[in-house]
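Every chain is numbered from 1 and lettered A, B, ... according to where its sequence line falls, protein lines coming before strand lines.
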Amino acid sequence: MFQKVLIANRGEIAIRVMRTLREMGIATVAVYSDADRRAAHTRYADEAWHIGGSASNESYLLVDRILDVAEKSGAQAIHPGYGFLSENTTLANACAQRGIAFIGPEPHAIIEMGEKTRARNLMIQAGVPVVPGTEGAIDTAEEALEFARDIGFPVLIKAAAGGGGKGMRRVDDPNDFVDAFNGARREALSAFGNGDCYVEKWILQPKHVEFQILCDTHGNAIHLFERECSVQRRHQKVVEETPCPVLLPETRQRMGEVAVRAARAVDYVGAGTVEFLLDVHQDFYFLEMNTRLQVEHPITEMVTGVDLVAEQIRIAAGLPMSVRQDDLRQTGHAIEVRVYAEDPDNNFMPAPGPITRLRVPQGPGTRDDSGFHEGDTVSLFYDPMLSKFIVHGHDREHARMRMLRALDEYVVHGTETNIDFLRDCLREPSFVDGSYDTGVIDAIRTLRDNRPPIDDEDHLDALLAAAMAFHFQQGRTSAATTDPATNREDDSAWRLFGRRQQLGRLS
Amino acid sequence: MAQTARYVLLTGDDDNPTRPIAIEDLGDDRYAVTIDGKTHEITAYPTDRGVALLRGVRSRDVQVESRAPGEWIAHLPAGRVDLKLMEERLWRLRSVLGGAGGAGDDKLVSPMAGKVVLTSVQPGDSVEEGQTLVIVEAMKMENELRATAAGTVAAVHVAAGDTVEPGMVLVEFEVE
C-alpha cells in the first residue's frame, strides 16, 4: 500500500479524498494556487506545495508541475479528484512513465469513454442501448439542423468533449437551432479546446439514473446500484438520491448488468459511473460513462457502507476490491444537495464573495463534505460549490424530512446561496412523490414563483430580529465611540460611512 | 434605567415611507419593542446565526445578516425577508435634505465577474424585454444577460473580449 499520496485537486473533493487517506494511515500531499494559500484543503493536508497562479491553467491543470511535486515529495500515487485533470490522459500517461500510480482508470479507457461519439459506437457494439443521434460531430449548423429535423424536435446539442453541462443546449424550436448550435460550439471550444458538437434526440420526461461501478485488476467488476440525478439546473446536478424512487427491481438488475458490461467493454479499472436516461416505460439508454469519482458518490457510500475512495486506492495499489456483488445491499435512503454560492433567482449565476458566517447542520444522519471555512472567500476562479451535504434516513420520506430539517440549520452569510431553492426542490410535489424527471427544475421554479406570502407571525419574527440585530450593532459601535461623560458620539469612520450612505451622499 | 432607541423601517412605499420602531431596554436581554403603536415584550440576544427571539413561548433563532449598512436579510424557513432600517433622527435629517435618486431599468449591469463573449446590440437599436444583450462567460459557462424592459439602446460600454466586474454598467438604454 502507498505511504504518501498527492491530491491533484482543491476544495471539498481534495478534503474528501484526504479524509479517507488519513483513515488508511497514508500521508497526504496537497497542491495549491496563489488564491488557495489559505484554502481549507491546503491546511488539511500533511504537506502543501505551491504550484502556481490562481487561474487553473496556471496551477491545477499543469501536469508537469504536479508530477514534479509528486516526485519531490515522494508521493507514490496521485488522486485527481473530479474535474481538472481527472479525465485527462496526459496526467494518466505521464504518471505511468514516471512510475507513479494514477488513482483512476487506464488512459485507453479515458480516451474510449471521453470522446462521446466513440463511446457511443463502442456501446452499440457491446449491446448497450443508446439514444438516437448523429454518428459523429457535425461541422455546420445547417447540416445539424437538417439532421435535427429528421429525428424531430426537441433535440439536444452536446459537445463531443463535454461534461458538466458545458456546451449543452436543448432546442425545442427549429428557429432557435442555429444560434444554439453556434453558442454550444463556442462554449465547448472555450472550455475544452474542442468545439465539435453532435445532436441527439431529446427523450421526453426522462430520469437521469446512473450506476456506480468498480473494477479491479483481478478481473472483478461490480456495480453499487443507482443514483437518481434528475434535478439539474443548467445541465448540472443539484440534488441526487438513491435508491431511485421509481426503479423496479428487475430494471435495476438489468441496468446494473448493462453498466458492468459497459465497463468491461473498455477493460475498465477503478471507480466509474455509467449514466443512463430512464423513460416512463422503464426503458433506458446509455448517455455516457464518467471515468472518475463523481461529486454525488457519497449517497452510494451512505446506502452501501462502502468507502469508494478507499476502494479506488486499493485498486490503484493492485489489491483486489474489498467488496463482492453478492455482499451489497441498499440500506435506507440517501439524498445529497449541492450547496452553491449562486443566485437561484438570477438564472443561478455564480455569486463569488466572502463567507462571513458558516454553520453546518448537525445531528442524526448528516454528512457535510465541505471545502470552505468561515472567513474564506468564494473565488471567481473556481467552481462556486460550497459543499455537498448528505443525509441518510431509513426510507425516502425520512431522508427528505431530515434534509429539510438540516437545511433550516444551514447558515451561510455574506453571499447568495441556493439553500432556499433547495428547500423548494424538496417540497415540489413530483419530487415528494418521486415521479419527477429532468424537467423538474421548471416545476420548482413555478413553485418558487408562486410561494404563499410569508405569514404575519413569521414576518414579525423577521422584523423583530432585524431590528434587534440593528440595535445591537448600533449599541456596539456607539459603545465603542460614545464618551460616557457627555453621552455624545465621537463619529468613527464606520459610523460616518453608514450615515453618509443612509443620507444618499455616497456617489 | 430604561432607555428607548428609535428606528424606522423603510417600506419603499411613497405614501407611507416609514414604520416607526421603538426599542426599550428592560434589562436581562428583555426588550419592549413597539412597532406601529403595538408593543411586543421579547427576550432577544445575538447568536451565531443571527438573533434569538423569545416572544411569549414562541422561540426562534432567527437567521439574520447584513451585507450593507442598514440593510438586513432574514432567512426564514418560509423564505427571505429584506428589511431596510435607519435611525429615526437620520431619517428626519434625510427627509429635510431630500433623498437620492434610485437606479431604474435603464441600465444593464453585470451581476458577475467574467469575460464578454459577445454584445448583440448597438446604440440606436430597439430592444424587447427579455432580449439577450450581452453574453458573459464566467466559470466557463455562458450567461445571457437580458433586457429587463423594452427600450432603445443609448450606449454600449463593452465589447467581446472585455473583462467585466460585478456592478459594471454594460448597456444603457432609454426605456419606452
For the [atom1] atom on [X], are there more than 12 heavy atoms of other groups (residues, nucleotides or ligands in this structure) within a distance under 6.0 Å?
X: B:His157; atom1: NE2; answer: yes
X: A:Asn450; atom1: CG; answer: yes
X: B:Asp13; atom1: CG; answer: yes

Closest-packed option against chain B by number of heavy-atom pairs under 4.5 Å, given A:Asn347, A:Ile454, A:Asp424: A:Ile454

Within a strict 4.5 Å, meaning less than it, do heavy atoms of the [X] and [Y] side chains meet?
X: B:Gln63; Y: A:Asp408; value: no
X: B:His75; Y: A:Asp420; value: no
X: B:Leu145; Y: A:Met349; value: yes

Please round to the nearest 0.5 Å and tell me the distance separating atom [atom1] of [X] and atom [atom2] of [Y].
X: A:Phe470; Y: B:Ile23; atom1: CZ; atom2: CD1; value: 9.5 Å
X: B:Tyr7; Y: A:Gln474; atom1: OH; atom2: CD; value: 5.0 Å
X: B:Trp72; Y: A:Gln473; atom1: CH2; atom2: CD; value: 4.5 Å
X: B:Ile42; Y: A:Leu460; atom1: CD1; atom2: CG; value: 8.5 Å

Considering non-hydrogen atoms only, spot the tightest contact between [X] and [Y] and give its length.
X: B:Ile135; Y: A:Arg186; answer: CD1-NH2, 4.1 Å
X: A:Ala466; Y: B:Leu83; answer: CB-CD1, 3.5 Å
X: A:His413; Y: B:Val64; answer: CE1-O, 3.1 Å
X: A:Arg423; Y: B:Leu76; answer: NH2-O, 3.7 Å
X: A:His471; Y: B:Ala5; answer: CE1-CB, 3.5 Å
X: A:Ala465; Y: B:Val51; answer: O-CG2, 3.6 Å

For the residue pair A:Ser190 / B:Glu137, report whether a side-chain donor-acceptor contact shorter than 3.5 Å exists. yes

Applying side chain to side chain contact (heavy atoms under 4.5 Å, CB included) to A:Glu187 and B:Val117, what does each step give before you reach the verdict? CA-CA 10 Å; A:Glu187 205 168 283; B:Val117 178; over 6 Å; no

Do NZ/NE/NH1/NH2 and the carboxylate oxygens of B:Arg58 and A:Asp458 come within less than 4.0 Å? yes

So among B:Ile21, B:Val62, B:Ile35, which one has a side-chain contact (heavy atoms from CB on, under 4.5 Å) with A:Leu464? B:Ile35

Between B:Arg67 (side chain only) and A:Thr415 (backbone N and O only), is there a donor and an acceptor less than 3.5 Å apart? yes

Could you look at [X] and say if it's the side chain, the backbone, both or neither that has a heavy atom under 4.5 Å from chain B?
X: A:Phe421; result: neither
X: A:Leu407; result: neither
X: A:Arg169; result: side chain

With salt bridge (Lys or Arg N to Asp or Glu O under 4.0 Å) as the criterion, how do B:Arg80 and A:Glu416 come out once you've worked through the C-alpha distance, each side chain's angles and the decisive distance to 0.1 Å? CA-CA 11 Å; B:Arg80 165 178 168 157; A:Glu416 299 295 329; 2.9 Å; yes

Proximity breakdown for B:Arg55 and chain A, heavy-atom pairs closer than 4.5 Å: side chain

So, the part of B:Thr132 with a heavy atom under 4.5 Å from chain A: the answer is neither

When heavy-atom pairs shorter than 4.5 Å are enumerated against chain A, which of B:Ala74, B:Ser66, B:Gly79, B:Gly114 gives the highest number? B:Gly79

Salt bridge (Lys or Arg N to Asp or Glu O under 4.0 Å), that's the test. Do A:Arg357 and B:Asp48 meet it? Break it down for me. CA-CA 8 Å; A:Arg357 192 166 282 189; B:Asp48 67 348; over 6 Å; no

